[in-house]
Amino acid sequence: MSAQYKSDFLNVMQERGFIHQGSDLEGLDQKLCENVQSAYIGFDATAKSLHVGNLTGIMMLKWFQETGHKPITLMGGGTSKIGDPSFKDQSRNLMTDEMINDNLENIRDNCFRQFLRYGEGETDAMMVNNDDWLSELKYLDFLRDYGRYFTINRMISFDSVKTRLERESPLTLLEFNYMVMQGYDFVELHRRHGTILQMGGSDQWGNIINGVDLAHKAAQIQIFALTAPLLLNSAGEKMGKTVNGAVWLSPKMLSAYDYWQYFRNVEDALVGNMLARFTMLPMNEIRRLESLQGQEINEAKKILADEATKLCRGEDAAREAAETARQTFEQGMSAEGLPTVEVSQKEMSILDLLVEANLVSSKGEGRRLIQGGGAKIDDVAVTDENMTCAIAGTIKVSAGKKKHVLVKAA
RNA sequence: GGAGGAGUGGCAGAGCGGUCAAAUGCAUCUGACUGUAACUCAGACGACUUCGGUCUACGUUGGUUCAAAUCCAGCCUCCUCCA
């Protein structure tokens, strides 16, 4: 592919499928060639960890740093107190400062550090919290200085708001302010750090462009927006769940094995896309892997899982996860690297066991699982839902073909 | 302020006195087929259960009835029309 842009960064973004929409890409291209720039992406602080849904943004920042610029991770400590109304039907629960700060630390140490180099250098990453400026805003001053640039007419035309209104679900003034705050973040980051670019998923376009407009109107400065297409599965849904739930980046929240499995299990059609997005492999290699046919594409999936796990969890963890998967699926053994769960009793009913191992959420579900033939102990199907299991040493318990855990008595 | 209408399971959407734990679709889970894929097909899909049942659920609080998601009244929220 011939270089469409002058800057390395935009060429990488283009080549790897990160570009969905941008405001004045030529202007941005120019700026990126002139000198070191900073760009930011906003992240939510409502959980202890980010998840694969945030990975696209993190990779954009990583490439931004790789191509010689300064990435900024903006934590929405302040906006978390409000809650993003986008496309949600329900208002979120508000969070306390304490919870938010705890989350911020966990996210920085367990999610960002693996991908970005932080420090004081010119192209070192920086983490900021919008609570630092948002919490100090004076309501009247803010309304007067910035509120005048937002018209309700336009704000209710955004899809994020429209959805809520159309669904007749209440949208509070508090939440309605989210987009205003987010726009203001951009202006503030430009003021403090000279940041010229905000990136995000395509669902954030409206919010981002708000900041661009606000900066233009309120401070007569030109800044830029760049969004990446959302990664959707064949059913047109957002990606990001394992067989067991959300795919957390933090090792504290999800084992490397499960993380690896998530990538191993993607559907064929997405392999190429995901390789480009979530690994650092060169594009000619990716194109080769992507063109594999039939069963061979499983090799591409393994490489995807290896590379993605390496980035997030390190080489050792990736190797172990791959080995555990190989033993479990290719040899049908009970591999030692599977996630281990401790249960309270040495002897318990199969139903209690399944529930305690978190393989099912209720005994009724456990019963159904057994009736459907999906429950296995050491690879032997359980047929009697009233059976009692003696847990001597470690046993492998499976729910369905893909969920396996090792269980031992505490 | 006045007149109508609506609020049902994760979502969408039936039901409008008993046979309703509530049709159907989507989502989800399991099984079969495969390649730890997609598609397709089959089954399941509130909780607990000694598998006989028991309990909790149809905005909310009361009421009528042997019996209410279904009828009545108050309250809450939303929609439409009029002022």
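Protein chains get the first letters and strands the later ones, always in sequence-line order, with residue 1 at the start of each. Everything numeric here is computed off the predicted structure, so don't read it as measured data. Side chains are part of it too, since the values below use all heavy atoms of this structure and drop only hydrogens, waters and symmetry mates.
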Fill in the blank from the handout: Expected label for rG52(B) (glycosidic angle, syn inside 90° of 0, else anti) would be syn
Problem - Those residues that, when tested against Lys62(A), pass salt bridge (charged side-chain N to carboxylate O under 4.0 Å, His left out) (two or more places apart) - result: Glu66(A)
Handout entry: Closest-nucleotide 5' rank along RNA chain B - winner of Gln295(A) and Gly373(A)
Key = Gly373(A)
Exercise for the section: Report the secondary structure of RNA chain B in dot-bracket form, marking unpaired bases with a dot and bases paired to a different strand with |, and treating Watson-Crick or G-U pairs with both distances under 3.5 Å as paired. Expected result: ((((((((.[[[..)..(.....]]].(((((.......))))).(((....)))...[[[[[..)....]]]]]))))))).
Problem - Validation row: Gln65(A), Lys70(A) side chains within 4.5 angstrom (heavy atoms) - result: no
Practice task
Check side chain to side chain contact (heavy atoms under 4.5 Å, CB included) between Asp384(A) and all other residues, then give those that pass, not counting sequence neighbours.
Solution key: Asn386(A), Met387(A)
Problem - Those residues that, when tested against Tyr146(A), pass ring pair (Phe, Tyr, Trp, His ring centres under 6.0 Å) (two or more places apart) - result: Phe142(A), Tyr184(A)
Exercise for the section: List in numerical order all residues of residues 296-311 of chain A for which some heavy atom is under 4.0 Å away from an atom belonging to RNA chain B. Expected result: Ile297(A), Asn298(A), Lys301(A)
Handout entry: Results of ring pair (Phe, Tyr, Trp, His ring centres under 6.0 Å) for His190(A) - residues two or more places apart only
Key = none
Tabulated below should be each protein N or O lying under 3.5 Å from an N or O of nucleotides 54-57 of chain B; please produce it.
none

Completion exercise
By side chain to side chain contact (heavy atoms under 4.5 Å, CB included), Ser255(A) pairs with (sequence neighbours left out) Tyr257(A), Asp258(A), Pro339(A)
Handout entry: Heavy-atom protein contacts under 4.0 Å, nucleotides 47-53 of chain B, coded B base, S sugar-phosphate only, - none
Key = SSB-B--
Handout entry: Pairs touching residues 369-410 of chain A that satisfy ring-ring contact (aromatic ring centres under 6.0 Å, His included), sequence neighbours left out
Key = Phe329(A)-His404(A)
Problem - Residues which pass salt bridge (charged side-chain N to carboxylate O under 4.0 Å, His left out) with Lys31(A), listed by chain and number, not counting sequence neighbours - result: none
Problem - rC45(B) and rG9(B), which share atom name C1', separated by this distance in whole Å - result: 11 Å
Practice task
Please work out if Ala375(A) contacts a base, only the sugar-phosphate, or nothing of the nucleic acid, heavy-atom cut-off 4.0 Å.
Solution key: nothing
Exercise for the section: Could you list the residues that satisfy side chain to side chain contact (heavy atoms under 4.5 Å, CB included) with Glu315(A), not counting sequence neighbours? Expected result: Lys310(A), Arg319(A)
Exercise for the section: Pick base, sugar-phosphate or nothing for Gln261(A), based on heavy-atom distances below 4.0 Å to the nucleic acid. Expected result: base
